[in-house]
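Keep in mind that this is a model prediction, so the values were computed, not measured. Naming: A, B, ... by sequence-line order, numbering from 1 per chain.
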Amino acid sequence: MTASLAAPLKPLGAKTRINDFSIQVATVNGSGSQTANSVLLRAIFQMGVFVSGKNLFPSNIAGLPTWFTIRASAKGYVARKASNEMLILMNPETAKEDIAKADTGALVIYDEPLQLDKLRSDLSYIPVPFQKLVTASCPEPKLHKLVKNMIYVGVAARLLSVDMAEVKNAITKQLKGKAKAIEINQGAAVAGYDWAMENLPDQDHIKVVRDNKTQGLIIVDGNEACALGALFAGVTVVGWYPITPASSLVETFIDYAEEYRKDPKTGKSTVAIVQMEDELASAGVVLAAGWAGARSMTSTAGPGVSLMSEFIGLGYYVEAPGVFFNVARTGPSTGLPTRTQQSDVELCAKCSHGDTQHINLYPGTMEECFQFAYDAFDLAERFQTPIFVVTDLDLGMQNWSSKPFAYPASPYDRGKVLNQQQLTEAKDWGRYKDVDGDGICYRSLPGTAGGKGAYFTRGSGHNEYAQYSEKPEDYVAVVDRLRRKYETAKAHVPTPVFRNQGSAKGVLAFGSSDPAVIEAQDLLAETGLKTDYLRLRALPFTAEIDAFVKEKQVVYVVEQNRDGQMANLFRETYPEHATKFRSILHYNGHAIDAKCIVDQITAFEQK
Amino acid sequence: MPTATPSAPTNTLGFTKQDYVGSKSTLCAGCGHDAITAQIINAAFESNIEGYRVTKYSGIGCSSKTPAYFINQGWGFNSVHGRMPAIATGASLANRNLINIGVSGDGDSMSIGMGQFVHAVRRNIPMIYIIEDNGVYGLTKGQFSATADKGAFLKSGAVNELPPIDPCTLAIELGCGFVARCFSGNPKQLNAILKSAFAYQGTVVLDIISPCVTFNNHDASTRSYKHVKDHDFPLHDLGFIQYSEVEDVEIPAGGTEVVTFPDGSKVAIKAIHEDYDPTDRFGAMKAIHESMAKGEFLTGLLYINPTQPPLTEVLNLVDEPLASLGEAQLKPSPAVLEEIMRSLM
Ligand SMILES: Cc1ncc(C[n+]2csc(CCOP(=O)(O)OP(=O)(O)O)c2C)c(N)n1
Ligand code: SF4
Ligand SMILES: [Mg+2]
């Protein structure tokens with residue numbers, strides 16, 4: 001049967017968008033579509049085109065709707081794009097709604113029996129007889145559901161002019177070593193492609209043209225990048241508890257540890273990984289292991305951080321090191337566990353009761369996820385305190401292209417630890433004595449022989465010698481020193497990154513907002529509004545940030561939460577500049593896009 | 001370093017008992033917890049424990065303060081309420097050479113910390129887990145704990161209507177390989193059990209009945225010195241023989257059961273009342289339940305299985321403590337990173 005095309009495949013008056021479009025694929029969770037989508041993304045990537053993918057999935061194992069968007073961008077923009085040029089509708093449940101939301105002129109590939117082509121007249125419809133093609137291409141009925149998705153990859157490849165050889169390579173890559181699966185999936189993709197060749201006319205709405213932008217790049221997600229950072233940082237104790245979107249960080253680490261952290265001769269492991277009974281227990285394991293001299297970490301999301309907060313306060317006050325990855329998701333409570341948000345900013349900045357301040361690292365790229373994860377272990381041991389590495393679902397679980405990671409050449413910084421000889425020679429050593437004036441004291445590790453250096457760690461009031469004390473002056477001395485220590489950290493945390501267009505108007509953002517802000521900055525400049533963009537990469541705020549805040553007329557603080565949490569931290573830190581900060585917010589659970597930033601800044605500017 | 005004075009007796013390491021003490025106790029005079037502290041000091045001295053290898057963990061409570069009162073040569077970590085097991089887990093994984101002693105209370109372990117207690121036992125963390133059990137929350141001034149007997153009174157007259165949780169049967173159920181109940185007022189028995197505990201590899205659960213003289217020692221209390229003394233049924237006479245002394249000590253024949261630890265140490269168990277086989281898990285459960293129904297405290301070594309591997313072994317960790325591993329052992333080479341990067345291209 002020949003597909004009937006209800007409308008021409010090129011919308012009137014539009015120019016062909018070469019390597020510059022978004023495709024949205026609507027499927028059912030658990031149907032194997034993730035593999036198909038990754039293959040399509042990878043095939044475009046292998047064509048040398050910048051491409052990014054975002055999986056919008058439900059909190060469910062199988063059966064609920066899921067959407068995957070693939071954005072190709074010649075200019076290298078990788079943020080989610082608010083509009084889509086192609087839709088692939090495989091889910092009968094959502095098809096009508098997806099059509100209603102479609103952008104005018106979009107190409108719509110859909111399963112023929114759904115008969116969507118009468119719903120709107122401003123779209124280009126491409127009905128595909130999926131069932132027929134599956135039956136013909138795959139001999140095993142029980143695999144039909146899974147390979148059906150690979151057919152749309154073939155159809156899309158044909159329409160976009162993606163080389164079939166790249167699709168086949170991508171399948172091989174994606175299904176690493178599973179020969180049978182590779183064969184069946186390649187067969188299905190080819191069936192889709194051949195059918196489309198025979199039955200569909202050319203379209204020049206959107207196209208992939210071979211480029212060389214992705215030569216030598218990798219595709220990775222932030223959780224894997226963080227796991228690799230921890231691997232190279234030599235983490236030795238991991239206590240964790242599963243939670244979306246943080247689980248895959250430790251799970252990926254477990255896979256790498258299996259390969260790279262076992263003594264080849266004895267098979268014995270140089271890392272202890274324990275799935276604890278909850279996050280509070282995980283936090284205890286991390287801090288106690290750090291206290292005893294190991295490099296320790298956990299990975300969690302907002303609900304886990306809430307649970308950990310009693311221990312985090314203890315860690316801060318007794319000065320025990322540990323690395324806490326928070327892959328943030330949409331809160332409060334269970335919220336939208338499979339959607340992204342930057343809504344734990346204040347939680348991580350001040351986690352726990354009492355006066356607490358924490359060093360937070362905010363990577364914004366895959367390379368930074370890797371490097372900051374590595375650095376976090378140095379910072380934890382240098383500052384003897386819990387360190388948060390804060391990412392989010394968008395960074396952590398989505399596919400990003402990146403330059404390969406540079407080898408972290410800096411030697412480990414194990415901080416101020418006295419060994420047996422140093423303890424023997426030390427005069428009047430006290431665990432909490434600020435000998436160097438930087439707020440950081442010298443510690444000893446349990447089990448050090450020689451009879452010197454033992455001390456009693458306690459969450460209750462203590463003096464410089466770690467002795468129990470309720471004296472007001474002892475208490476104040478300790479908490480004031482902790483603040484000094486936090487000041488010292490300003491010279492050690494990553495400094496901000498600037499993208500200046502020469503303007504008195506500042507834009508400030510962090511983490512996963514970066515690509516959308518870059519794109520928005522360019523779009524705003526096209527309309528005549530230049531901005532200077534500062535991407536914050538850590539708390540405490542460094543000198544560069546002080547200068548930026550002082551110098552700018554206004555600072556647009558872009559963040560993915562309702563309350564403008566980062567802006568609040570800025571108002572609190574810089575009360576004399578409090579009126580400069582204007583919140584640009586996005587918090588519906590989808591990754592932030594450039595348009596929403598442009599619209600909000602423009603609205604402020606027109607006031 | 002040993003600080004032996006010419007007169008004081010020393011152990012094989014050259015330490016005197018004084019080398020195993022801690023800071024001065026700040027608990028109420030007569031508190032059962034102090035009697036336990038005294039026996040930990042004795043047992044550590046007599047077992048020739050290297051103080052620098054000792055780590056002492058606790059949660060929050062009067063009982064949880066006591067690690068400050070023994071073995072000053074060791075490191076202490078007084079953490080947060082009910083979470084001592086996680087601290088012991090993390091530190092014991094970081095350094096497998098440590099000798100881990102956890103001290104907790106009945107409130108700390110059987111209420112707020114129940115989850116952590118259960119999971120630490122299940123994982124068989126290498127530690128002596130002591131519950132100083134007084135049936136009340138001492139530090140917050142005498143509220144009932146979850147080990148309080150049904151029908152027990154507070155001084156105020158309040159009655160506990162709920163059934164108690166028994167740490168010992170619970171620990172046996174969870175697969176713990178060393179479970180004992182003791183009474184702080186029976187130092188001889190406590191001493192033998194603590195010495196056996198030092199020789200054990202995995203989790204040792206010791207439920208030590210320890211009267212709170214301030215809030216739970218009145219006439220109607222089921223945790224008062226008098227009541228516990230009257231209802232204490234020691235199961236056996238225990239003799240602990242450290243591996244180094246095994247050659248020299250003769251175990252009397254007849255009626256004595258001997259359990260041998262992996263390091264060669266032995267504990268000789270001579271039954272007092274009736275035949276009680278502490279290696280029989282189901283028998284132990286039955287006997288404890290029967291005695292509890294009669295309002296008695298069966299004390300002694302309730303259950304022992306000396307061969308259960310602790311978590312450090314289950315995880316198949318390298319022999320060297322993880323905390324001592326350096327960059328050379330931990331950081332993969334540039335070639336490894338390159339290999340990984342290629343796989344992601
Ligand atoms: C999170 C938290 N909740 C409550 C407390 C208050 N608190 C301190 S000790 C204690 C009970 C201790 O009872 P137990 O463990 O039996 O020790 P005891 O004092 O009887 O030896 C409580 C409730 C606390 N420290 N932390
Ligand atoms: S209140 Fe009770 S438990 Fe606490 S120190 Fe006094 S006697 Fe001991
Ligand atoms: Mg108590």
Legend entry - Top contributor to chain B contacts, counting heavy-atom pairs under 4.5 Å, from A:Ala466, A:Pro446, A:Gly284, A:Gly293: A:Pro446
Legend entry - Approximate separation, where rounding is to 0.5 Å, of A:Glu277 CD and B:Phe117 CZ: 12.5 Å
Inset, instruction - Grab the two heavy atoms, one from B:Leu344 and one from A:Arg42, that are nearest each other, plus how far apart they are. - result: O-NH2, 3.4 Å
Inset, instruction - Find the one option among B:Gly115, B:Ala68, B:Ala120 whose heavy-atom pairs under 4.5 Å with chain A are most numerous. - result: B:Ala68
Legend entry - Passing option when B:Met345 is tested against A:Ile218, A:Thr214, A:Leu217 for side-chain contact (heavy atoms from CB on, under 4.5 Å): A:Ile218
Legend entry - Heavy-atom pair count under 4.5 Å with chain A, highest-scoring of B:Arg123, B:Glu338, B:Arg53: B:Arg123
Legend entry - Worked check of side-chain contact (heavy atoms from CB on, under 4.5 Å) between A:Thr457 and B:Trp75: CA-CA 8 Å; A:Thr457 302; B:Trp75 275 254; 5.8 Å; no
Inset, instruction - Give the member of A:Ser282, A:Pro408, A:Ser296 that has the highest number of heavy-atom pairs under 4.5 Å with chain B. - result: A:Pro408
Legend entry - Atom of A:Ala454, atom of B:Gln73 and distance for their closest heavy-atom approach: CB-O, 3.3 Å
Legend entry - Contact summary for A:Ala288 and B:Ala86, nearest pair of heavy atoms: CB-O, 4.4 Å
Inset, instruction - Against chain A, label B:Ser79 side chain, backbone, both or neither, depending on which of its atoms sit under 4.5 Å from a heavy atom there. - result: both
Inset, instruction - Heavy-atom pairs under 4.5 Å with chain B are the metric here; pick the option from A:Leu228, A:Asp263, A:Ile219 that has the most. - result: A:Ile219
Legend entry - Contacting moiety of A:Gln467, where chain B heavy atoms sit under 4.5 Å: neither
Legend entry - When B:His81, B:Glu320, B:Gln116 are compared by non-hydrogen pairs under 4.5 Å with chain A, the top option: B:Gln116
Legend entry - Distance (rounded to the nearest 0.5 Å) between A:Phe311 CZ and B:Arg83 CZ: 7.5 Å
Inset, instruction - State, with a plain yes or no, whether a side-chain heavy atom of B:Leu322 is found less than 4.5 Å away from one of A:Val271. - result: no
Inset, instruction - Determine the option with the most heavy-atom pairs under 4.5 angstrom with chain B, choosing from A:Val286, A:Leu231, A:Thr266, A:Val220. - result: A:Leu231
Inset, instruction - Go through the atoms of A:Gln46 and report whether side chain, backbone, both or neither lie under 4.5 Å from a heavy atom of chain B. - result: neither
Legend entry - Between A:Gly459, A:Ser444, A:Ser460, the one whose heavy-atom pairs under 4.5 Å with chain B are most numerous: A:Ser444
Legend entry - Interchain contact, B:Ile99 with chain A, by part (heavy-atom threshold 4.5 Å): neither
Legend entry - Rounded distance [0.5 Å steps], CG in A:Leu445 versus CG in B:Asn95: 8.5 Å
Inset, instruction - Grab the two heavy atoms, one from A:Arg414 and one from B:Leu325, that are nearest each other, plus how far apart they are. - result: NH1-O, 3.4 Å
Legend entry - Which of B:Pro85, B:Gly51, B:Pro67 touches chain A most, by non-hydrogen pairs under 4.5 Å: B:Pro67
Legend entry - Among the listed options B:Glu50, B:Lys56, B:Arg122, B:Glu327, the residue most often paired with chain A at heavy-atom distances under 4.5 Å: B:Glu327
Legend entry - Most contacts with chain B, counted as non-hydrogen pairs under 4.5 angstrom, among A:Val274, A:Val318, A:Val235, A:Asp278: A:Val274
Inset, instruction - Heavy-atom distances under 4.5 Å only: say whether A:Lys262 touches chain B with side chain, backbone, both or neither. - result: neither
Inset, instruction - Check whether any side-chain heavy atom of B:Leu317 lies under 4.5 Å from a side-chain heavy atom of A:Lys268, and answer yes or no. - result: no
Legend entry - Under 3.5 Å side-chain donor-acceptor pair for B:Lys331 and A:Tyr260: no
Legend entry - Straight-line distance of B:Ser58 OG to A:Arg458 CZ, nearest 0.5 Å: 9.0 Å
Legend entry - Between OG1 on residue A:Thr236 and CG on residue B:Leu93, distance to nearest 0.5 Å: 9.5 Å
Inset, instruction - Would you mind checking which part of B:Glu339 comes under 4.5 Å of any heavy atom in chain A, side chain (CB onward), backbone (N, CA, C, O), both or neither? - result: side chain
Inset, instruction - Using a cut-off of under 4.5 Å on heavy-atom pairs, state which of B:Leu98, B:Thr55, B:Val336 scores highest against chain A. - result: B:Val336
Legend entry - side-chain contact (heavy atoms from CB on, under 4.5 Å) assessment of B:Leu330 paired with A:Tyr412: CA-CA 10 Å; B:Leu330 296 173; A:Tyr412 294 172; 3.9 Å; yes
Inset, instruction - Go through the atoms of A:Tyr374 and report whether side chain, backbone, both or neither lie under 4.5 Å from a heavy atom of chain B. - result: side chain
Inset, instruction - Kindly compute the distance separating CZ (A:Phe232) from CG (B:Leu337), expressed to the nearest 0.5 Å. - result: 4.0 Å
Inset, instruction - Give, as side chain, backbone, both or neither, the part of B:Ser333 having an atom under 4.5 angstrom from any heavy atom of chain A. - result: backbone
Inset, instruction - Taking all heavy atoms of B:Ala323 and all of A:Ala292, pick out the closest pair and write down the distance. - result: CB-O, 3.2 Å
Inset, instruction - Assess whether side-chain contact (heavy atoms from CB on, under 4.5 Å) is satisfied between A:Leu287 and B:Phe77, documenting all intermediate values. - result: CA-CA 11 Å; A:Leu287 293 170; B:Phe77 200 146; 5.6 Å; no
Inset, instruction - Pick one of side chain, backbone, both or neither for A:Ala409, based on which atoms fall under 4.5 Å of a heavy atom in chain B. - result: backbone
Inset, instruction - Run the numbers on B:Ile340 and A:Tyr256 for side-chain contact (heavy atoms from CB on, under 4.5 Å), then give the verdict. - result: CA-CA 9 Å; B:Ile340 295 170; A:Tyr256 280 117; 3.4 Å; yes
Inset, instruction - Give, as side chain, backbone, both or neither, the part of A:Phe370 having an atom under 4.5 angstrom from any heavy atom of chain B. - result: side chain
Inset, instruction - Select one option (side chain, backbone, both, neither) describing which atoms of A:Ala320 are under 4.5 Å from chain B's heavy atoms. - result: neither
